[in-house]
There are 2 protein chains.
Amino acid sequence: MRPYSHALDKLRTAGLRPTRQRLALAKLLFEGEDRHITAESLHGEALDNNIRVSLATVYNALHQFTECGLLREIVVDASRSYFDTNTTEHHHFFYEHNGKLIDIPSERMLVCEVPDPPEGMSIRRVDVVVRVQEAA
Amino acid sequence: MRPYSHALDKLRTAGLRPTRQRLALAKLLFEGEDRHITAESLHGEALDNNIRVSLATVYNALHQFTECGLLREIVVDASRSYFDTNTTEHHHFFYEHNGKLIDIPSERMLVCEVPDPPEGMSIRRVDVVVRVQEAA
DNA sequence: GTGTTTGCAAAGTGTTTGCAATTTA
DNA sequence: TAAATTGCAAACACTTTGCAAACAC
């Protein structure tokens, strides 16, 4: 048995008040394998687990978690926001036919020549998306 | 003077019927420097040039042009679709504070270790977005 | 108690669609 | 004239917002 909650620690450390909703969502997100979610998918999962939470609260939580560095937002599709519980440096395979994402560990995908950022700018992040399709 | 229209050629070659609207949009897009646009920005530009075209038609044209390989869609922001008139292989700097994009020529940004795609899949494209912010 | 968070329903944004009218070949 | 394209307005999907009620500390 876990002596105390990993999810609770995460919220405490991040300075987010551990409300019933945030704690339940954090448990879904952080007490298992790393994963990719959307607001809709997390909300559905919460309901499946008898966690009463509104979609608006799910959106709030996802953004707050992202701001605190507990999640990382991934932009692969112009019509939907994806979030990743793996916040370490890595990239993604994106299956365009079904919208699924798979991590590519950073060691397996090297960007070796990153150009200098434009004058007065600094690089915040380099995102690589490898779009894959069913082989011909 | 240009003996015949570059834009018209592009449409002909692509097999798209050169309607007044498509031709006007193609002129805006292809008879100048390479550029990044959104449906909204292209529509505004058309109106500024006294080209009567509806936003729905702009969306249709952008998608048709993209399917024909005249444009390339760029995904950098989950809430808006960007298109690039430069369809050659290259990557982008994305200014998060103002939504502007700048091309990075392919030679200046090398992705040197691309992992094998998952079983049964083939790589359609590798997109690199370098997100920049105003330097601290 | 006091400030924060929630849920709802309404509003917002970018995009797509159905269909009659128009245009192109 | 037959088929493709357009424009409009309505519909859509996803996301955000305003605010009163509920909650955490």
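Below, each value reflects all heavy atoms present in this structure, side chains not excepted, and no hydrogens, waters or symmetry copies. Bear in mind the structure is a predicted one, so any value in this text is a computation, not a measurement. Every chain is numbered from 1, with letters handed out A, B, ... down the list of sequences.
For Ala56(B) and Gln21(B), each mapped to the nucleotide of DNA chain C holding its nearest heavy atom, the one lying further toward the 5' end belongs to Ala56(B). The residue among Pro18(B) and Asn60(B) whose nearest nucleotide of DNA chain C lies closer to the 5′ end is Asn60(B). Comparing Leu55(B) and Ala78(B) by the nucleotide of DNA chain D that holds the closest heavy atom to each, the one mapping nearer the 5' end is Leu55(B).
Close to dC8(D), at under 4.0 Å from its OP1 or OP2, lies no side-chain N or O of Ser54(B). Proximity of Thr19(B) to the phosphate of dT6(D): a side-chain N or O atom is located under 4.0 Å from OP1 or OP2. The shortest distance between the side-chain N/O atoms of Arg20(A) and the OP1/OP2 oxygens of dT6(C) is not below 4.0 Å.
Contacts of His43(B) with the nucleic acid, taken as non-hydrogen atoms under 4.0 Å apart, are absent. Across all strands, Arg17(A) comes closer than 4.0 Å to base atoms (heavy-atom distances). Backbone-only contact: Ser81(A) has heavy atoms under 4.0 Å from sugar-phosphate atoms and none from a base.
As a whole-Å value, the separation of Leu62(B) CG from dT15(C) P is 9 Å. Nucleotide dG7(C) holds its P atom 11 Å from the CD1 atom of Ile51(A), rounded to whole Å. One can place CG of Asp77(A) at 10 Å from P of dC14(D), the figure rounded to the nearest angstrom. As a whole-Å value, the separation of Arg80(A) CZ from dG14(C) C1' is 14 Å. When rounded to the nearest whole Å, the span between CZ of Arg52(B) and P of dG7(D) equals 7 Å. We find that CG of Leu25(B) is positioned 9 Å from P of dG7(D), with the value rounded to whole Å. Separating the NE2 atom of His63(A) from the P atom of dT4(C) is a distance of 21 Å, rounded to the nearest angstrom. The nearest whole Å value for the distance from the OH atom in Tyr59(B) to the C1' atom in dT17(C) is 13 Å.
A cation-pi contact links Lys10(A) to Phe30(A), judged by a cut-off of 6.0 Å to the six-membered ring centre and 45° from its axis.
Counting heavy atoms from C-beta on, the side chains of Val75(B) and Arg131(A) come closer than 4.5 Å. Considering only heavy atoms from C-beta on, Glu96(A) stays 4.5 Å or farther from Val132(A) through its side chain.
Checking dT24(C) for Watson-Crick or G-U wobble geometry (two distances, each under 3.5 Å) identifies dA2(D) as its partner. In a base pair of the Watson-Crick type (N1 to N3 plus N6-O4 or O6-N4) or a G-U wobble (N1-O2 and O6-N3), with each distance short of 3.5 Å, dA10(C) is matched with dT16(D). Judged by Watson-Crick or G-U wobble contacts below 3.5 Å, the nucleotide dC25(D) has dG1(C) as its partner.
Ring orientation note: the planes of His63(A) and Phe83(A) are nearly perpendicular, at an angle over 60° on the 30°/60° scale.
Side chain to side chain, Asp84(A) and His90(A) meet the donor-acceptor criterion of an N or O pair below 3.5 Å.
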